[in-house]
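To keep things clear, I will list the structure first and then write my remarks on it.
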Amino acid sequence: MKQSFRHFIFLFFCVTLLGSCVFAQQTNLCVGAYYSEEEGARKLNQVLKSIHTLKEWQAHADSVRRQIRIGMQMERFPAKTPLNPKYRNKKILDGYSVEAVVFESLPGFYVTGNLYRPLGNFRNKSLAVIASPHGHWNKPEDYGRFRNETQQRCAAFAKMGAIVFSYDMVGYGESQQLDHHGEKVVTFQTWNTIRIIDFLLSFPEADPDRVAVTGESGGGTQTFLATALDDRIKVSVPVVMVSAHFFGGCTCESGMPIHRTGNKVFSNVEIACLAAPRPMLLVSDGDDWTKNNPAVEFPFAKYIYKLYGKESLVENAHFPNEVHDYGKNKRMAVYEFLAKHLGLKIANIKDSNGNVSEDFVTIVERKDLEYFNPEELNGLIKGERVYNVLLKSQR
């Protein structure tokens, strides 16, 4: 695990360094470790001291939200066109099913992922829905929605009583119509998550009052950006990402000016807190940019929630001796939080001793989780044609 994490950090450092060089002349971008830890904490404290009332926070939140939309060039959302979902390779497993699904977030531009659904006594009942984005990984054969830890959490959510969609980052897995480090990737990924909520809520048993998003690292960024812009999301769980000094080192996070306008800079903490007063769990560890959550980021979040009289709805699960992942202990904390706020049945994933267990999960091979065959994938529109579809949809 430590060795894998070092590989991850090295990759992230390279991406951050490259991003800093490429965007050096664009001073409206905040890339990677934009502040030192001390400066990030000081800047966040200045924001906290400037906000005394709920009305002042709401005005500030409006400014943050406005800059996100301006920065990602989504002042006008694209038209919501038919999703046209397609399904393949359904597998019936222990308390849940999983199948490959693709649908169009824009005409001809596909979201690629896996749909997990509960089986058994949930039939004909109202169900929670969960969108599950993933973070960056340095091994093409072992990343994203195909990883064991991703399958484990999605299977557990489903067996607890949720409809879950686990999906590729743009440029990862089967999402090969755009390069991951290309222009406007943050826009496409945010729009994909919004359309994923549309997809999940299209099921007649889906409960629009029980909608959550949770992902790790770059998936944590997707979590809080989508939550900031889509109030249908009722619960937010960004994992190992929310930081006062680190703004995301990839173009899919900080390659567009969503954090800054002129001399005004908005941190990811402020963006994450746009979830308030909806329940939010910040998951952090001691070996990355979230290591200061208990002392810096979480107290700020508690202050904002207290302005709403909802301080109990924000929590921090901190693991000082763990690394940058969505590991087992982190998943256990998330299961408890989502069970509490989405009304999920955590008893369904407990063993005979009453302990939460993932032993029931079947790890499915990647080939059985993919939808497209190579010929189908090669036949999709790519690059500039995809950008043109976006522009046309925003007119």
Side-chain angles (χ1 to χ4, degrees), residues 1 4 89-100 113-132 134 142 144-166 200 203 205-207 209-216 219 234-235 237 239-240 279-285 312-313 315-323 325-366 368-369:
M1 178 65 74
S4 177
N89 302 334
K90 186 171 184 176
K91 294 187 176 296
I92 304 300
L93 301 170
D94 184 356
Y96 69 101
S97 66
V98 60
E99 57 198 306
N114 296 108
L115 181 68
Y116 295 74
R117 288 194 267 191
L119 301 176
N121 60 356
F122 291 105
R123 188 169 296 176
N124 300 321
K125 291 186 177 181
S126 175
L127 300 176
V129 301
I130 302 173
S132 177
H134 67 78
D142 180 28
R145 64 182 167 103
F146 309 115
R147 288 179 61 83
N148 290 7
E149 63 183 28
T150 307
Q151 293 190 49
Q152 286 164 330
R153 76 175 187 249
C154 292
F157 294 153
K159 191 168 183 176
M160 290 165 66
I163 308 171
V164 186
F165 192 68
S166 175
L200 289 169
F203 292 95
E205 66 270 32
D207 185 349
D209 292 323
R210 294 190 291 153
V211 179
V213 183
T214 180
E216 78 284 14
K234 307 303 183 185
V235 183
V237 184
V239 176
V240 295
M280 178 172 69
L281 173 66
L282 302 178
V283 181
S284 54
D285 66 84
S312 64
L313 295 186
E315 298 180 27
N316 176 214
H318 186 65
F319 300 90
N321 298 318
E322 295 194 10
V323 298
D325 63 12
Y326 208 141
K328 185 174 182 178
N329 290 331
K330 299 180 181 75
R331 295 195 299 275
M332 296 296 152
V334 174
Y335 296 155
E336 294 282 354
F337 188 82
L338 290 182
K340 178 167 61 174
H341 292 290
L342 292 181
L344 301 180
K345 295 186 177 180
I346 198 167
N348 286 5
I349 58 170
K350 288 186 176 180
D351 60 23
S352 58
N353 295 318
N355 299 315
V356 173
S357 172
E358 298 171 327
D359 290 347
F360 69 92
V361 178
T362 297
I363 301 302
V364 179
E365 291 185 44
R366 175 171 175 164
D368 294 322
L369 293 175

Subject >> Donor-acceptor contact present, side-chain Arg117 to main-chain Ser97, <3.5 Å >> reply: no
Original post:
Where do Met160 and Ile349 come nearest, in terms of heavy atoms and distance?
Top reply: SD-CD1, 3.5 Å
**OP:** Fit a plane to each ring of Phe360 and Tyr96, take the angle between them on a 0 to 90° scale, and name the class: parallel (under 30°), tilted (30 to 60°) or perpendicular (over 60°).
**Re:** perpendicular
**OP:** Kindly compute the distance separating OG (Ser166) from CZ (Arg147), expressed to the nearest 0.5 Å.
**Re:** 12.0 Å
**OP:** Identify whether the distance between the nearest side-chain nitrogen and carboxylate oxygen of Arg153 and Glu216 falls below 4.0 Å.
**Re:** yes
Subject >> Donor-acceptor contact present, side-chain Asn114 to main-chain Leu369, <3.5 Å >> reply: yes
**OP:** Report the distance from atom CD1 of Ile363 to atom CG of Asp368, rounding to the nearest 0.5 Å.
**Re:** 13.0 Å
Original post:
Do you know the tightest heavy-atom contact between Ala333 and Ala317?
Top reply: CB-CB, 3.8 Å
Original post:
Would Leu200 and Val211 count as a side chain to side chain contact (heavy atoms under 4.5 Å, CB included) if you check the C-alpha gap in whole Å, the side-chain angles of each, and the deciding distance to 0.1 Å?
Top reply: CA-CA 9 Å; Leu200 289 169; Val211 179; over 6 Å; no
**OP:** Could you go through the side chain to side chain contact (heavy atoms under 4.5 Å, CB included) check for Glu315 and Glu336 one step at a time?
**Re:** CA-CA 12 Å; Glu315 298 180 27; Glu336 294 282 354; over 6 Å; no
Original post:
Any salt bridge between Lys328 and Glu358, counting N to O under 4.0 Å?
Top reply: no
Subject >> side chain to side chain contact (heavy atoms under 4.5 Å, CB included) assessment of Lys159 paired with Val361 >> reply: CA-CA 10 Å; Lys159 191 168 183 176; Val361 178; over 6 Å; no
Subject >> Phe337/Val235 under side chain to side chain contact (heavy atoms under 4.5 Å, CB included): CA gap, chis, key distance, verdict >> reply: CA-CA 10 Å; Phe337 188 82; Val235 183; 3.7 Å; yes
Original post:
Which pair of heavy atoms, one from Lys234 and one from Pro279, lies closest together, and at what distance?
Top reply: O-CD, 3.1 Å
Subject >> Flag, side chain of Asp351 to backbone of Asn353, donor-acceptor distance under 3.5 Å >> reply: yes
Original post:
Do Asp94 and Thr362 come close enough that some side-chain heavy atom pair is under 4.5 Å?
Top reply: no
**OP:** Compare every heavy atom of Ala128 with every heavy atom of Leu344, then report the nearest pair and how far apart it is.
**Re:** CD2-CB, 3.9 Å
Original post:
Between Phe157 and Tyr335, does the ring centroid distance fall short of 6.0 Å?
Top reply: yes
Original post:
So, the side chain of Gln151 versus the backbone of Val364: is there a donor-acceptor pair under 3.5 Å, distance only?
Top reply: yes
**OP:** Taking all heavy atoms of Leu338 and all of Ile130, pick out the closest pair and write down the distance.
**Re:** CD1-CD1, 4.0 Å
Original post:
For Ala100, does its backbone N or O pair with a side-chain atom of Asn89 as donor and acceptor, under 3.5 Å?
Top reply: no
Subject >> Closest heavy-atom pair and its distance - Gly113, Phe165 >> reply: CA-CZ, 3.6 Å
Original post:
When you check the side-chain N and O atoms of Thr214 and Tyr326, is any donor under 3.5 Å from an acceptor?
Top reply: yes
Original post:
Any donor and acceptor pair, going by atom type alone, linking the side chain of Arg210 with main-chain N or O of Ser126 inside 3.5 Å?
Top reply: yes
Original post:
Is Glu322 close to Lys330 at the side-chain level, that is, under 4.5 Å between some pair of heavy atoms?
Top reply: yes
Original post:
Do Leu115 and Ile163 come within less than 4.5 Å of each other through their side chains, counting heavy atoms only?
Top reply: yes
